[in-house]
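A short write-up of the structure that comes next.
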There are 2 protein chains.
Amino acid sequence: MTIRDVAVRAGVSAATVSRVFSRPESVTLETRRRVLSAADELRYAPHPVARSLARGNTGNLGLVVPDIAVAFCAVVTKAVSHRARRAGYALFVADSDDRSAPLAADDVRSARAMARQVDGMLLLSPTMSDDDLRALAETVPVVVVNRALDGLPGVLMPSAQGAVAAVEHLHALGHRRLAYLAGPDNYSNRARQAAFGDTCRRLGVDGIVLGSFDPTFDAGVRAADLVLAAGATGVLAYNDDIAAGVVGRLADRGAAVPSRCSVVGFDDTALASMITPRLTTVRLPMADAGEVAVGLLLDLLRGVPPRPGPVELPVELIVRGSTGTAPEVAA
Amino acid sequence: MTIRDVAVRAGVSAATVSRVFSRPESVTLETRRRVLSAADELRYAPHPVARSLARGNTGNLGLVVPDIAVAFCAVVTKAVSHRARRAGYALFVADSDDRSAPLAADDVRSARAMARQVDGMLLLSPTMSDDDLRALAETVPVVVVNRALDGLPGVLMPSAQGAVAAVEHLHALGHRRLAYLAGPDNYSNRARQAAFGDTCRRLGVDGIVLGSFDPTFDAGVRAADLVLAAGATGVLAYNDDIAAGVVGRLADRGAAVPSRCSVVGFDDTALASMITPRLTTVRLPMADAGEVAVGLLLDLLRGVPPRPGPVELPVELIVRGSTGTAPEVAA
DNA sequence: GTGAAAGCGCTAACAC
DNA sequence: GTGTTAGCGCTTTCAC
């Protein structure tokens, strides 16, 4: 079924059929009806690929995430998907698969390939180098999430503030020896780790850094023993998965949380409310970030001048059962 | 940068450039070199959209999932994404968003729109009606996951077997009154619920059905109280999230798991190993399912005659700490 | 308001 | 092996 079939059946030209599907108001009601019913009988719908070629835009958005199976990414993806759809865009998703480092080059290539099939791209904290990223941005409108790269519009969830709040919280509970469990070496981890160190220094508490660890539960299990060995009574983990692993392992070793050791996570993924005790954690507005990022991208596509800096979304420390007064104080 | 720019720069025709990028071996090494270096200098790469239109295929695959933020879906998505990429395909993902039922029609439409931009589609247990699904399959090669629809190739993880194993397990532990916590009314839930009922009858144990519940932790929390009220000592939940909610709530109420009540989940998502006690659950080979489904789709695209029935992947009961002997027996 | 014609960038016969 | 030609299905000036 092509546009021409519909045209002959409706007794009009192909151009008119095209208009009916693009700018219906530019066609008489009468002919519009004829065309529409012809299209209906023929079960015709415009071919998006042909349309893309002729129009020079695709109606698609692209999203690159480090690991779609990680809750954080999945939540952002969902939000992006919905916002995109509401705006009439379909979504390409590429899982860049952080872990298999050798594929990084492959990654850049696949991003580039995607670039030509979409009107704009969203990059979630990619492993890609700054230069590759900039090169990509020359090709196609780009918005970055969770990464600061000046010149590029982006949305940031200022982890540093969250880390500060977490350390202050633990300090207020009387903890004097804290451990930060570092995650993968990316933008977010650097921000969190730096803020952790600074705040410990400012408050005059011991702040040690352990890791880095994979951002997984199992890594947290391993980390727990190091925490105990290091004599820390308060822990800030790179993310909720690690924190949950710590909590689980401490419970297994009979080191009760929070009476013996307090644990704070990062992200506030669903997991944080699913374990016992429920996890005190820094809530990152992941869904908002996804939505806002799409909004920025849409603006970009509409030619709205991009705002100078990145959009910062507020983070918030959510206090739950995994943190309590330090053992020395309690005793 | 179009193919023509490269052609003039390399001093050849557009067709030759095209060949260099499509079937390089059909071009002299010498001209190939010239073309390639011209392309390089011009930073040319074939435009995928134009290529799609001319070739009649897109190099893209499409995936529709009910909720990408659900661990089960995310794992399948990841596997699909990787397998597709290895085969040189990019991936469209649509989150059909089960929960907002009013969007179902919208859903069909978006699936149809996607259909024309991909060479084939993977449908993960969609809410779509059988008829809509068949209509879609007329348009584009389709493989279904977790849904039996004869005529359509698909991959199934026979939940029923898992439910049988779970009930037998609980029965062997001495439980005589079991509850099944029903999930959303879909193919998987029907299979599990039916097998639960049948097996209870066969073994002569009481089998009651509670629900249906949303497939979430919070729903499980609510379900726990109903379980206790119903006097069941063994629970089989529609999925791990519900099961985890039950475990959490029972712990809060002082009804220890498994000494007071045993709980079995479904899926073996990461969560199952993250809670205390770790969850006995029916492992579904989600990643395999994704890979196999893509394999089937690729076969379909290559014209390999589809096998008659769906591919069945083995499920397995994983026994962990959340199940133990029934209280009556223990006492 | 509608049609004719040119073209989006590439591929695929078919000649040479 | 390479060039010529004719599209893929749609949009979009430009006339009328």
Side-chain angles (χ1 to χ4, degrees), chain A residues 1-39 42-60 88 90 112-119 139-140, chain B residues 1-39 42-60 88 90 112-119 139-140:
Chain A
M1 276 318 104
T2 85
I3 202 172
R4 249 181 286 270
D5 299 315
V6 179
V8 312
R9 181 165 188 118
V12 299
S13 76
T16 298
V17 178
S18 171
R19 289 192 188 99
V20 168
F21 284 95
S22 305
R23 275 174 293 96
E25 68 283 3
S26 73
V27 162
T28 322
L29 189 68
E30 163 54 12
T31 50
R32 199 190 311 172
R33 256 202 257 282
R34 272 221 315 287
V35 168
L36 249 17
S37 78
L42 265 29
R43 311 176 137 282
Y44 165 86
H47 191 122
V49 173
R51 184 175 260 197
S52 298
L53 185 59
R55 295 225 261 229
N57 60 229
T58 63
N60 299 144
R112 250 205 293 268
M114 180 192 272
R116 321 261 330 229
Q117 296 193 70
V118 301
D119 295 340
T139 319
V140 62
Chain B
M1 274 321 101
T2 85
I3 203 171
R4 249 181 286 270
D5 299 316
V6 179
V8 312
R9 181 166 188 119
V12 298
S13 76
T16 298
V17 178
S18 170
R19 288 190 190 101
V20 168
F21 284 95
S22 305
R23 275 174 292 96
E25 67 283 2
S26 73
V27 164
T28 324
L29 190 69
E30 163 53 14
T31 49
R32 198 190 312 172
R33 257 203 254 284
R34 272 221 315 285
V35 168
L36 249 17
S37 79
L42 265 28
R43 309 176 138 284
Y44 165 85
H47 192 122
V49 174
R51 183 175 260 196
S52 298
L53 185 58
R55 295 224 261 229
N57 60 226
T58 62
N60 298 146
R112 252 205 293 264
M114 180 192 272
R116 320 253 342 221
Q117 296 192 68
V118 301
D119 296 338
T139 319
V140 61

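The model shown is predicted, which means the values in this text are computed figures rather than measured ones. Each chain gets a letter, A, B and so on, in the order its sequence line appears, and its residues count up from 1.
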Between OG1 on residue T139(B) and CE on residue M114(B), distance to nearest 0.5 Å: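 Nearest 0.5 Å value for the OG1-CE distance: 13.5 Å.
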Rounded distance [0.5 Å steps], OG1 in T2(A) versus CG in L42(A):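 It comes to 9.0 Å.
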Check: R116(B) side chain, A45(A) main-chain N or O, donor-acceptor pair, under 3.5 Å: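 Yes: the side chain of R116(B) pairs with the backbone of A45(A).
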Minimum heavy-atom separation for [X] to [Y], with atom names?
X: G59(B); Y: D119(B); result: N-OD2, 2.8 Å
X: P48(B); Y: A113(A); result: CG-O, 4.2 Å
X: Q117(A); Y: N60(B); result: OE1-OD1, 2.9 Å

Per-pair distances, 0.1 Å, donor-acceptor, side chain in residues 7-24 of chain A, under 3.5 Å, sequence neighbours excluded:
from	atom 1	to	atom 2	distance (Å)
R9(A)	NE	E41(A)	OE1	2.7
R9(A)	NH2	E41(A)	OE1	2.4
S13(A)	OG	A15(A)	N	3.3
S13(A)	OG	T16(A)	N	3.3
S13(A)	OG	T16(A)	OG1	3.4
S22(A)	OG	S18(A)	O	3.0

Residues in side chain to side chain donor-acceptor pair (under 3.5 Å) contact with R32(A), at least two apart in sequence or another chain: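 Scan of R32(A) (side chain to side chain donor-acceptor pair (under 3.5 Å), adjacent residues dropped) gives none.
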Chain A contact limits on DNA chain D, taken 5' to 3' with a cut-off of 4.0 angstrom to heavy atoms: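 Using the under 4.0 Å cut-off, the span is dG9(D) to dT13(D).
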Side chain to side chain contact (heavy atoms under 4.5 Å, CB included) involving S52(B) - partner list, sequence neighbours excluded: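 S52(B) satisfies side chain to side chain contact (heavy atoms under 4.5 Å, CB included) with V49(A), T58(B) only.
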Residues in side chain to side chain contact (heavy atoms under 4.5 Å, CB included) contact with R33(A), at least two apart in sequence or another chain: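 Only L29(A) meet the side chain to side chain contact (heavy atoms under 4.5 Å, CB included) criterion with R33(A).
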Residues from residues 49-60 of chain B lying under 4.0 Å of DNA chain D - heavy atoms: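 By residue number: L53(B), A54(B).
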Strand-adjacent residues in residues 20-34 of chain A, judged by heavy atoms under 4.0 Å from DNA chain D: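 Correct list: S22(A).
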Within the sub-3.5 Å range, which N or O atoms of nucleotides 3-6 of chain C have a protein N or O partner, and how far apart are they?
from	atom 1	to	atom 2	distance (Å)
dG3(C)	OP2	S13(A)	N	3.0
dG3(C)	OP2	S13(A)	OG	3.1
dG3(C)	OP2	T16(A)	OG1	2.4
dG3(C)	N7	R19(A)	NH1	3.4
dG3(C)	N7	R19(A)	NH2	3.4
dG3(C)	O6	R19(A)	NH2	2.4

For R34(B), salt bridge (charged side-chain N to carboxylate O under 4.0 Å, His left out) partners two or more places apart: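 Applying salt bridge (charged side-chain N to carboxylate O under 4.0 Å, His left out) to R34(B) gives E30(B).
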Distance, rounded to the nearest Å, where Q117(A) contributes CD and dG9(C) contributes P: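 Atom-to-atom, Q117(A) to dG9(C), this comes out as 15 Å.
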Five-pair end axes of the helix from dG1(C)-dC16(D) to dC16(C)-dG1(D) and the angle they enclose, rounded to 10°: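 One end's axis against the other's: 30°.
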